[in-house]
Number of protein chains: 2
Amino acid sequence: MSISEIAKHLKVSKSTVSLVINGKAEQGRISKASAKRILDYIDEIGYKPNALAKSLATGKSRTIGLIVENIGDSFFGPIALYIEEYLRKYEYQVLYSSTLGKNDIASEVVQTMMDKHVDGIILAPTDKQEFDVQRIIKQNIPLVVFDRKIPEIDTNYVGTDNYQASRNAVEYLIDQGYKHIGLITIPSGQPQMLDRFQGYSDAIEQKKLKPYVLRTSFIEKDDRPAVVIGKWLQDNPQVDALYFSTNYVCVAGLKAIKNLKNKRSVGIMAFDDHEIFELVEPQVSCVRQPLEKIAEQVVGMLVRQLKDKGAPLEEKIIPAELIVRKNQK
Amino acid sequence: MSISEIAKHLKVSKSTVSLVINGKAEQGRISKASAKRILDYIDEIGYKPNALAKSLATGKSRTIGLIVENIGDSFFGPIALYIEEYLRKYEYQVLYSSTLGKNDIASEVVQTMMDKHVDGIILAPTDKQEFDVQRIIKQNIPLVVFDRKIPEIDTNYVGTDNYQASRNAVEYLIDQGYKHIGLITIPSGQPQMLDRFQGYSDAIEQKKLKPYVLRTSFIEKDDRPAVVIGKWLQDNPQVDALYFSTNYVCVAGLKAIKNLKNKRSVGIMAFDDHEIFELVEPQVSCVRQPLEKIAEQVVGMLVRQLKDKGAPLEEKIIPAELIVRKNQK
DNA sequence: TTGAAAGCGCTAACAC
DNA sequence: GTGTTAGCGCTTTCAA
C-alpha cells in the first residue's frame, strides 16, 4: 500500500497525504478534517511508509555504519551494544561489519556502506585504512574514528591515552617491587599498540630495568599463542611479572601459565578488562577503558556532525582507570 | 554522479548504461564497443551505483536484519560474527539490533527493519514476540528463528535440543556421584529455559533425588545475583553440585562461590560454554552449543528461503556437546 | 543494437 | 487549504 493509493482512495493528492503523515499538517495548512480522515485511514489499513523511497527522496537513510574489528569480542561487542542504544535515542539504526583486521574486507565494507548511503560512519580502523577514510571524508559523510587513531589524517576521534595508561600500569608493577617485567603483545603497527609498547619501554627504561618483550601473532580459535607464551616463560625464568598489551592476549597468557610445568607466581596486568580477570587465581589487574563512556562520546560526536556537517572536528581522550586486583606482591 | 549523467556524457541512453553496469551487456545485445566505452568511463570517474535507488527499483536491499537479545554477550556476539561472515559470501549486509529482552524494543526494531525492506530476518525472539513474527510472515519476508522457538507458530528454526542436552548434563553429574544437585536459573518463560529446567527435573526425579532450585533475576552489570546465589548456597549446605541454566548465570555463581566464607567444593556444570570456564578453579564443565555451526545453518536456511520464497519450512536441531572438564569428583 | 518511457514510493517547491 | 509536478537514481519492457 503506497501513498498514491491512499491519496486515490481518499480523493486527495499525494502531497496532502505526505504532509499529514510527516506531521506537517499544520505548516502545510491542511484542514483538520482532511488530516483526521487521512490519519484514520492510515491507521485502519496499517500503512507504513517505505523507508527506502523516503531515503532516496530525502537523501537521508537514518542508518549509521559501524565498522569494528570483531563484534564477537569482549571490547567491541559491548561497545556495539552501547552505541546502538545511544543511536536508538536519535532514531538511527546500525549497519555493522567486522573487518577481522583485514584491509580488503574493511575497504569493501566502507564502499558498500557508502553505496547504501548511510548517514554517518563509526570506524575502528585497521592498520592501513587511510585510503578508505579519505574517501569517506571526500564524500562529506560524518565520521567518527575510535579506539585507533589514523596517523596523518585529521578526523573526529574518541580514544584512550594509551601511552600514559600503559606507562602508569607498568610503573605500578614496578612500585610493587617487580624487577623483571615482561611485555607480551601482538606484532601490530596499530598506533594504539605502539603507544602501549612505548609506555612500557619508557617506564622500564626510566627505572633502568631490563625489558623483556614477546610478540606473538594471534589468530582466533587457535591455541598456538598460549604455547608460544608458555615456551617463552620457560625460557625466561627470571620474569616475575607480565604486562599484556590487550585482554585476549592475556587470556592466552593465563592458559599458558595454567599449563606451566613448573608453577611460579607472577604479577599480571593487562590492557583492557575482561570478565574473567577477577575470577582467576591470581586475579588480573588491568587498565580499563570505560566502554559505555566511549560509546556515549562516539555517538554524541557523530550526532553533532550529523546536525551540522560544518561542525569543527573534535577529539576526545577518555582517561582509563587502573583496576588493581589482589594478585600483587 | 548518476547513470543519467553518464548516459548524457557518452551520448547513449540510461538503459544502455544500466545494462552494461549490471553485466547484462550480452543479453541486452549491447555492442562490444559501447560496452567498453561505458566501462572505461565508469572506471575513470569511479562511478558507484546508488544502492538505495537500486533497491527501490528492484525491491531487493541485499540487507538482512539480525535481531538478538544482546550483541555484547558471549553467545550472540560470536554468533553475529559468524552470521555476518556467512552472509558476506552471498553479498548481504547486516542491519542489527539488540532487544535486551524487551518486547517494545523488539517490536519497534522489527517494524523499522520491515520499513527499510530488509530481504530477510534472523531472529532470536523475546518471550512474547508472536505478533511481530506473524507480521513478518504475513509480509512474506524470509525468516529464520534461532535459539528460542516460538510456540504455536511454525517457522524456520535452528536450535539445540535443550531438554535432552540438559538432562544428559545432569545425569552426568549424578553419575559422578553427586547427590544434591542444585539448579540455578532465571525466572523466564522462554521455551529453551523451560526445556532446560524440565531436563533437570526429569533427571533428578528419575533417580529419586531431591531437587534444589534457585531462580534469580539477572540484570546486567549488577552484583545482586551473585549475592543472592551466595546466600542460597549458605542456606543449602548439603548442595554438592550446581547446574546453571546459562553461562552468565554461572559466571555470577562463580563469583558467589569465590566470595563464600566457608569454602566448600562443589561440582559445576553450565549450559553454554564461556572462555572463563577452563581457567577458573575448579574448572566448569558445560553443554556447548556449536556457535559456528548454528550460524552456518541459520544462514543456509535463510538463503534457501531467499532464493525460493515458496521453499518448505525447515527445522534443524543441532546436537550440543557435553564438555567435561576436570572439576568433577 | 539501442533508446524512450514508465515506474519503484516518497518529498517539496510552487501554483491554484 | 490543496493539487500539480518534477525530481531522487535505478530497472525493465517495449518499440524502433
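So you know, we letter chains A, B, ... as the sequences are listed, proteins then strands, and number each from 1.
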Expressed in angstrom and rounded to an integer, what is the separation of [X] atom [atom1] from [N] atom [atom2]?
X	N	atom1	atom2	result
B:Lys14	D:dC8	NZ	C1'	10 Å
A:Leu56	C:dC8	CG	P	14 Å
A:Leu19	C:dC10	CG	P	14 Å
B:Asn50	D:dC8	CG	P	11 Å
B:Lys60	D:dT11	NZ	P	14 Å

[X]-[Y] side chain donor-acceptor pair, cut-off 3.5 Å:
X	Y	value
B:Gln297	B:Tyr86	no
A:Ser15	A:Ser18	no
B:Thr63	B:Lys116	no

Below 4.0 Å: OP1/OP2 of [N] and any side-chain N or O of [X]:
X	N	value
B:Ser13	C:dG3	yes
A:Lys54	C:dG9	no
A:Thr16	D:dG3	yes
A:Tyr47	C:dG9	no

Nearest-nucleotide pick for B:Ala57, side chain only, options being C:dC10, C:dC8, C:dA12 =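 Side chain of B:Ala57 sits closest to C:dC8.
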task = Give the nucleotide from the list C:dT11, D:dG9, C:dA12 with an atom nearest to the side chain of A:Ser18.
result =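 That would be C:dT11.
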query = Do A:Lys89 and A:Glu84 meet the salt-bridge criterion of a basic N to acidic O distance under 4.0 Å?
reply =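 The answer is no: the pair does not qualify as a salt bridge.
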Categorize [X] for me: base, sugar-phosphate, or nothing, with a 4.0 angstrom heavy-atom threshold over every strand shown.
X	value
A:Lys32	nothing
A:Thr58	sugar-phosphate
B:Ser4	nothing

task = Check if the side chain of A:Ser31 and the base of D:dG1 share a donor-acceptor pair of N or O atoms closer than 3.5 Å.
result =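 It does not, because no donor-acceptor pair links the side chain of A:Ser31 to the base of D:dG1 below 3.5 Å.
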request  = Check whether the side chain of B:Ser15 and the base of C:dA4 form a donor-acceptor pair under 3.5 Å.
outcome  =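 Yes.
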